[in-house]
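Please read the structure below before turning to the comments.
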Amino acid sequence: MSKAGKSEAVERPVNFIRNIIDEDLAKHKYESVRTRFPPEPNGYLHIGHAKSICLNFGIAEDYDGACNLRFDDTNPAKEDLEYVDSIQQDVCWLGFKWPGEPCYSSNYFDQFYAYAVELIEKGLAYVCFLNAEETREYRGNLKEPGKDSPYRDTSVEENLALFEKMRSGEFKEGECVLRAKIDMASSFMCMRDPTLYRVRFAHHHQTGDKWCIYPMYDFAHCLSDGIEGVTHSLCTLEFQDNRRLYDWVLDNLNDFQKPDRPFQYEFSRLNLEYTVMSKRKLHQLVDDKLVEGWNDPRMPTISGMRRRGYTPASIRDFAERIGISKVDSMTEMGILEAAVRDDLNKVAPRSMAVIDPIKVVIENYQDEPQTLMAPVHPQNETMGKREIFFGRELYIDRADFTEVAPNGKYMRLALDKEVRLRNAYVIKGLRADYDADGNVTTVYCSYDPDTHGKNPADGRKVKGVIHFVEASHALPAEFRLYDRLFTVENPAKEEDFESVLNPESLVVKYGFVEPGLLNSAAEQAYQFEREGYFCRDNQCGDKQVYNRTVALRDTWSSR
RNA sequence: AGGGCUGUAGCCAAGCGGUAAGGCAUCUGGUUUUGAUCCAGUGUACCGCAGGUUCGAAUCCUGCCAGCCCUGCCA
């Protein structure tokens, strides 16, 4: 496509799943598209889920279909209401809507039971009294076929009675299960008479104590899809083998003998450098108190990233940039960072913050502090102007001063060298005070009063620009500088992933921000010029605490 | 010979028999009161390897190699 042609049509993602949908629609296999996002409420959503959410809800939007939010709540022992709440919040925050109330697999427990009975009646399921260990032995292994359970040939009538007893609580946990009768010699391990129902005397967050038998994922998921009229059931690669069971269940039930029943397609899950994506590991970080909680800004969770300052738009853009495929991949952090910078650069108001302050005294400025106007966004006048202050005493960043410029390319403040104070005047370093350790405490400067909004009249070239905050109006603030959570690209590969945590993943600094930020809103992004994108922490109330979302792109420090 | 998948530039990823899109990263210029942004330019990809079919193969066939997944009454 020519570059000129690009602006004509809205560009939609291209991937193998959308290709399949296009074909299905063209062949009128379906008249509309229905997808679903089916989290188990046993943890918080992370950026990997966001990929799936954007895929499923994105398809629904583009094809004028719908995407159900469905809680896959078939295992009450691991699930909790806390998670069903947080999951809904995160999906909403990302900007997606599901039709009506959220769905629950547990809504269909009665139907699942009836379908199980149908399988039993067809001689395709049986109650098995082998214990867990025996079941494992009977299953065989990757090289050798399994052998039939001694309960495999129980009569239909007896199985019906036994299953009814399972439901009415006459068997103990672990005493028996309902199994599908498929093929103990199948090369797909999941087809060696998989368990369909197990006994659990557990209180369920949705169904209370109504049930003491709960369906397994492989039985419940395809049926939930079928009941909801899902057309394309999208999941990750590790379920490729399970697809045979998904198909087996639907193919053996009368209700799904139709060409427009759901079909499963698998795509690769997201792996991001320098972080972990498994719920188990994230749980561990939280439980071991290695992070502040699920919403710690260093966590790859939606709530953590939100607190860190990521926007819904940036996460959706990220999902689009990485695409969908079946390749096992490891995505560079750079893609995520580029996506946030792209969004924030456009929408974030500019401000100045001094993160590691040293004092500057302007010796030839004796007056009271003065007010200056600065653009909220230099490339977008419609965002208006803001008030900043300039006076005799200022703060600048420690990194922006050195006594002697190291070379001609140095663009910051040095003695006997001029530099521009962003949005204000040109100043020149005169001398500096140091503490006992030799660290700069104060830099004494002069300013050129005729340089506000213009270059020096005599044509002097001033190359560098540094930021500052006027001391008497400065607002003390805490800055939390975040870095990658782990020191290695793929911590999941480590024997002990917690041993490769980055000790500098959080560095706290105390400095100053412009007075205009006094009532800044939590999560509102700002660009602290020359430093990066920050937002007010959403957990610290009135305290001036700013989280660094991401630093500005830096093409120079490495040289 | 257990089975299921995957291999296109440093990373992600289009392509589906007609002679390799795009994004990120990199590098080079230009603009700039953010060393940012923006603009322009920048790539020898043995299309995993080896054969074969074809006028023509990343695309079809065969054989190899490498990586991931599968033996929960988890999802």
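Here the structure is a predicted model, which is why all the values come from computation and not from measurement.
With C69(B), G2(B), G35(B) as the candidates, the nucleotide lying closest to the side chain of T555(A) is G35(B). Residue F239(A) has its side chain nearest to A75(B) when only U37(B), A75(B), C73(B) are considered. Here the nucleotide nearest the side chain of Q240(A), chosen from U71(B), C5(B), A75(B), is C5(B). Comparing atom distances between the V327(A) side chain and each of U6(B), C74(B), C24(B) picks out U6(B) as nearest. Among the nucleotides G4(B), A75(B), C70(B), the one closest to any side-chain atom of L142(A) is C70(B).
Side-chain to base pairing of D241(A) with G3(B): one donor and one acceptor N or O lie within less than 3.5 Å of each other. The base of U34(B) is paired with the side chain of R350(A) by a donor and an acceptor separated by under 3.5 Å. For a distance-only test at 3.5 Å, the side chain of E332(A) qualifies as a donor-acceptor partner of the base of G10(B). Counting atom types as modelled, E531(A) pairs no side-chain N or O with a base atom of U34(B) as donor and acceptor under 3.5 Å.
One atom, CD1 of I322(A), and another, P of A14(B), lie 11 Å apart when rounded to the nearest Å. The OH-P distance, from Y138(A) to U71(B), rounds to 21 Å in whole Å. Here C70(B) presents its P atom at 13 Å from CG of D218(A), a figure rounded to the nearest Å. The distance between atom OH of Y44(A) and atom P of A75(B), rounded to the nearest whole Å, is 21 Å.
Residue order along RNA chain B, read from the 5' end via each residue's closest nucleotide, puts I335(A) first among I335(A) and V465(A). Nearer to the 5' terminus of RNA chain B, by closest-nucleotide assignment, is the contact made by Y425(A) (compared with the other of E175(A) and Y425(A)).
D193(A) and Y138(A) share no donor-acceptor pair across their side chains, judged by distance under 3.5 Å alone. Using a 3.5 Å distance cut-off with no hydrogens or angles, the side chains of Y265(A) and Q240(A) do not pair a donor with an acceptor. Counting only N and O atoms by type, the side chains of S106(A) and D73(A) include a donor and acceptor under 3.5 Å apart.
Among the atoms of the strands shown, only primed sugar atoms or phosphate atoms (P, OP1, OP2) are found under 4.0 Å from some heavy atom of R553(A). At a threshold of 4.0 angstrom between heavy atoms, the contacts of A424(A) include nucleobase atoms, whether or not backbone atoms are also involved. Within 4.0 Å (heavy atoms only), G174(A) reaches at least one base atom of the nucleic acid. Nucleic acid contact class of H452(A) (heavy atoms, under 4.0 Å, all strands): base. E40(A) comes within 4.0 angstrom of sugar-phosphate atoms only, judged by non-hydrogen atoms across all strands, and of no base. Using a 4.0 Å heavy-atom cutoff across all strands shown, R200(A) reaches at least one base atom of the nucleic acid. Among the heavy atoms of the strands, none lies under 4.0 Å from E337(A). At a threshold of 4.0 angstrom between heavy atoms, the contacts of Y214(A) with the nucleic acid are absent. When heavy atoms are screened at a 4.0 angstrom cut-off, G453(A) is found touching base atoms of the nucleic acid. Residue L130(A) is classed as a base contact, given a heavy-atom separation below 4.0 Å to a base. Residue N131(A) is in base contact, counting any heavy-atom pair closer than 4.0 Å across all strands shown. Using a 4.0 Å heavy-atom criterion, one finds that N345(A) contacts the sugar-phosphate atoms exclusively. Contacts of K409(A) with the nucleic acid, taken as non-hydrogen atoms under 4.0 Å apart, include base atoms. Residue-level contact check: P145(A) touches neither bases nor backbone, having no heavy atom under 4.0 Å from any strand.
Nucleotide U44(B): unpaired (no Watson-Crick or G-U wobble partner with both distances less than 3.5 Å). Judged by Watson-Crick or G-U wobble contacts below 3.5 Å, the nucleotide C74(B) has no partner.
Side-chain N/O atoms of R244(A) include one lying less than 4.0 angstrom from OP1 or OP2 on C5(B). For the pair S329(A) and C11(B), the criterion of a side-chain N or O lying under 4.0 Å from OP1 or OP2 is not met.
In this structure, E40(A) and Y83(A) have side chains that are not in contact, with every pair of non-hydrogen atoms separated by 4.5 Å or more. Side-chain contact check for P102(A) versus R70(A): every heavy-atom pair is 4.5 Å or farther apart.
With a glycosidic angle further than 90° from 0, G17(B) counts as anti.
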Give the C-alpha distance, both sets of side-chain angles, the deciding distance and a yes or no for salt bridge (charged side-chain N to carboxylate O under 4.0 Å, His left out) between D448(A) and K428(A). CA-CA 8 Å; D448(A) 182 339; K428(A) 182 188 207 172; over 6 Å; no

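For the side-chain contact (heavy atoms from CB on, under 4.5 Å) test with W211(A), the passing option among H204(A), R167(A), R200(A) is R167(A); the others fail.
Where stacking is scored as ring centres under 5.5 Å apart with planes under 30°, W556(A) registers as stacked on the base of G35(B).
Spacing between C24(B) and G17(B) at atom C1', rounded to whole Å, works out to 31 Å.
Across all non-hydrogen atoms, the minimal contact from A414(A) to A405(A) is CB-N, 3.9 Å.
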